[in-house]
Amino acid sequence: MQVDLSSNSERTPLIRDTSSNYNGTLNNPAGVPGKVLHANDEDSTTSTTNDGESFDNVPRTKRQLGLFSAIFLIFNRVIGTGIYATPSVILRTSGSVGVALLMWLLGALIAAMGTTVFIELGTGLPRSGGEKNYLEFIYRRPEFLVTCTYSIYAVITGSAAANSVVFGEYVIHALAKEPTRLNTRFVAFLCLTFILLLHGSLLKWGIRLQNSLAMFKLLILSAIALCGILSLAGVAGFAVKEEYEAPNNFQWNKMWEGSRGDANAFVTGLYNVMWSFVGYSTANYALSEVRNPVRTIKRAAPIAMSAVTLVYIFVNIAYFAVVSKNDILSSKRIVAALFFRNLFGEGTERALSVFIAFSTLGNLLSGQFSQGRVVQELGREGLLPFSGFFASNKPFGAPLAGLFTQYVVSVAFVILPPPGDAYLFMISLSSYCAALINTLVSFGLLLLYTSYLRAYDWKPPFRAPKIVVVLFSISNLFLVVVPLIPPASGSRTYEHLPYWSHVLVAFSVSMVGIGYWFFWVKWLPRKKGYKLAREWVLQDDGVSRCVYRKVPS
């Protein structure tokens, strides 16, 4: 089947509801459900088929991301503020330096499994949208239900409210001002607005900035790791200042001293470690804008996550080489601040605030870049109101509408919730929704291996080992179940809300999507006497999208 790509009319159908009989790999507008890119797909007229560019109907000029940008997109998204503060939380829950390091290694192993799983999914369905594509491909009945439900979750999980407020706090601190609710949220608002304007109107400059910040972040964290190793090795000029307690965290008997044996504490610490690695699937959200997406994702994701793992392990070693265990546990300051204080003096804390602010900005840029593409893909599916608006790349060649949607949600979460439970609740809700989605995706991939879904013909260019998929599915189930476990005696998740409140709301959110699906797909057509017929059309910007026609029943 040949598709006329020269037409610029949205009234020109490309494919009319052909998910059951489409038999070509090329010109697969918006990724027709039921079609997957195979390892042996070939076409004599192009050399890019096996690299996935022809899978999605996106002009090649819109593929702005190469290998370098894809690596830094993932690296930026994974590493935010956690590495500067989380190690102290992990130490408190583990009880000892040795167990804390083992937790980080275990978290890296789980992240490696997740990376492998998403490489398989991305090579089989190389188009933007990430989990949306995989859920649609696996859970096809009832028709349109999974997309309608996912669209609600996508808006929640794409919020950048938490990190933008963290950015605001560190900017204010770097300016030697006292952080307040007003000034930190005002800076957060300015940050979100800057990201919207940059990624929405100056696409190439946005990519350049986030790449530059990723390189800056890598250099700073590498420098921290090197300074810690030099201190551990006793190199002159890198000794802990005399006024602070000298650490002995790597003496074998001290390294394991205080290890906690209770399962609840270990689970809580591991949960924090696993969330520190979340972001390995970021490039999957923007594969329609990646050059040679199959080849690129197979290289970029492992390189990025290997770099993340090395940074995490060596920076943790650096912290424990410079800061004593007692200092970490007794101080209310983040461990990175103690590290800089012990080596370079109190005056360096403002420099640390600058480093963390830039690190957070890089994380925000990558996150909103990818999440804006998810909203655009939902628009391309045609299930959202005003789908043409959300699917478009007008007027600046970027998904401004998708970015604006995430901007509105993030700004609302920044401004509206009061301090305390409400804000923590928003963060927990977003995280838990992401865990639910990944549980469904990983379990669905296991189903693709069974005879039950053999007809789906899942034979992507890259296959993850089955044991890896099983273990990754279990780890995601772990993230879903852990928040249901009551907190240890004497500790509270929230001050006033039940510890399970965000879990209840996360499951309730799906009811909104189900209700929308039932009204739009079932009740309204039955009442009005029509059926929905799906057609793929070409927009003025050269990108295909789906429209639904009302056909009399």
Side-chain angles (χ1 to χ4, degrees), residues 78-111 217-261 265-277 306-346 348-349 351-352 355-356 359:
V78 177
I79 299 183
T81 59
I83 189 58
Y84 300 100
T86 303
S88 58
V89 177
I90 306 305
L91 181 61
R92 289 189 182 93
T93 56
S94 65
S96 70
V97 171
V99 175
L101 291 175
L102 287 177
M103 283 185 175
W104 283 100
L105 288 172
L106 184 55
L109 178 62
I110 294 171
K217 186 187 305 186
L218 179 60
L219 290 174
I220 291 299
L221 291 173
S222 297
I224 290 175
L226 179 61
C227 289
I229 292 172
L230 292 175
S231 178
L232 186 64
V235 175
F238 293 92
V240 175
K241 293 187 176 298
E242 293 182 357
E243 58 266 35
Y244 304 115
E245 181 182 356
N248 55 4
N249 294 320
F250 291 107
Q251 293 180 11
W252 186 255
N253 61 324
K254 296 291 185 181
M255 190 172 177
W256 304 97
E257 187 177 73
S259 298
R260 299 179 62 178
F266 184 84
V267 164
T268 302
L270 186 58
Y271 189 83
N272 280 278
V273 172
M274 290 172 67
W275 277 117
S276 297
F277 282 95
S306 296
V308 168
T309 299
L310 289 174
V311 164
Y312 278 174
I313 297 301
F314 281 104
V315 168
N316 270 280
I317 291 173
Y319 289 156
F320 293 133
V322 171
V323 187
S324 71
K325 179 181 175 182
N326 289 335
D327 262 3
I328 296 174
L329 295 178
S330 61
S331 176
K332 293 183 178 181
R333 302 166 71 180
I334 62 174
V335 65
L338 298 174
F339 175 89
F340 274 75
R341 181 202 67 179
N342 285 13
L343 280 187
F344 308 114
E346 293 278 358
T348 60
E349 191 169 349
L352 175 63
F355 297 156
I356 297 178
S359 179

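FYI, the numbering just counts along the sequence from 1. Just the heavy atoms: all of them, side chains too, but no hydrogens, waters or symmetry mates, feed the values below.
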[Y] backbone acceptor or donor facing [X] side chain under 3.5 Å:
X: S324; Y: D327; answer: yes
X: Y319; Y: I328; answer: no
X: K254; Y: K325; answer: no
X: S359; Y: T81; answer: no

Between I90 and V273, is a side chain to side chain contact (heavy atoms under 4.5 Å, CB included) present by the stated rule, with each step listed? CA-CA 7 Å; I90 306 305; V273 172; 3.5 Å; yes
Within the 4.5 Å heavy-atom criterion, are [X] and [Y] side-chain neighbours or not?
X: Y84; Y: F339; answer: no
X: V240; Y: V323; answer: no
X: Y312; Y: I79; answer: yes
X: K217; Y: V311; answer: no
X: F355; Y: I224; answer: no
X: T86; Y: W104; answer: yes

First locate atom [atom1] of [X], then atom [atom2] of [Y], and finally report the distance between them rounded to the nearest 0.5 Å.
X: I317; Y: I229; atom1: CD1; atom2: CD1; result: 6.5 Å
X: I220; Y: L352; atom1: CD1; atom2: CG; result: 10.0 Å
X: T309; Y: L109; atom1: OG1; atom2: CG; result: 9.5 Å
X: S330; Y: L338; atom1: OG; atom2: CG; result: 8.5 Å
X: L230; Y: F238; atom1: CG; atom2: CZ; result: 5.0 Å

Check the pair V322 / L232 against side chain to side chain contact (heavy atoms under 4.5 Å, CB included), numbers first and verdict last. CA-CA 7 Å; V322 171; L232 186 64; over 6 Å; no
Would you please test L91 and V335 for side chain to side chain contact (heavy atoms under 4.5 Å, CB included) and show each step? CA-CA 10 Å; L91 181 61; V335 65; over 6 Å; no
If I compare all heavy atoms of [X] with all of [Y], which pair ends up nearest, and what's the gap?
X: L343; Y: C227; answer: CD1-CB, 4.1 Å
X: S222; Y: L218; answer: OG-O, 2.7 Å
X: K241; Y: R341; answer: CD-O, 4.1 Å
X: G228; Y: A321; answer: O-CB, 3.6 Å
X: G98; Y: W256; answer: C-CZ3, 3.4 Å

Please check if the number of heavy atoms outside F314 that lie under 6.0 Å from its CZ is greater than 12. no
With side chain to side chain contact (heavy atoms under 4.5 Å, CB included) as the criterion, how do L101 and F250 come out once you've worked through the C-alpha distance, each side chain's angles and the decisive distance to 0.1 Å? CA-CA 11 Å; L101 291 175; F250 291 107; 4.1 Å; yes
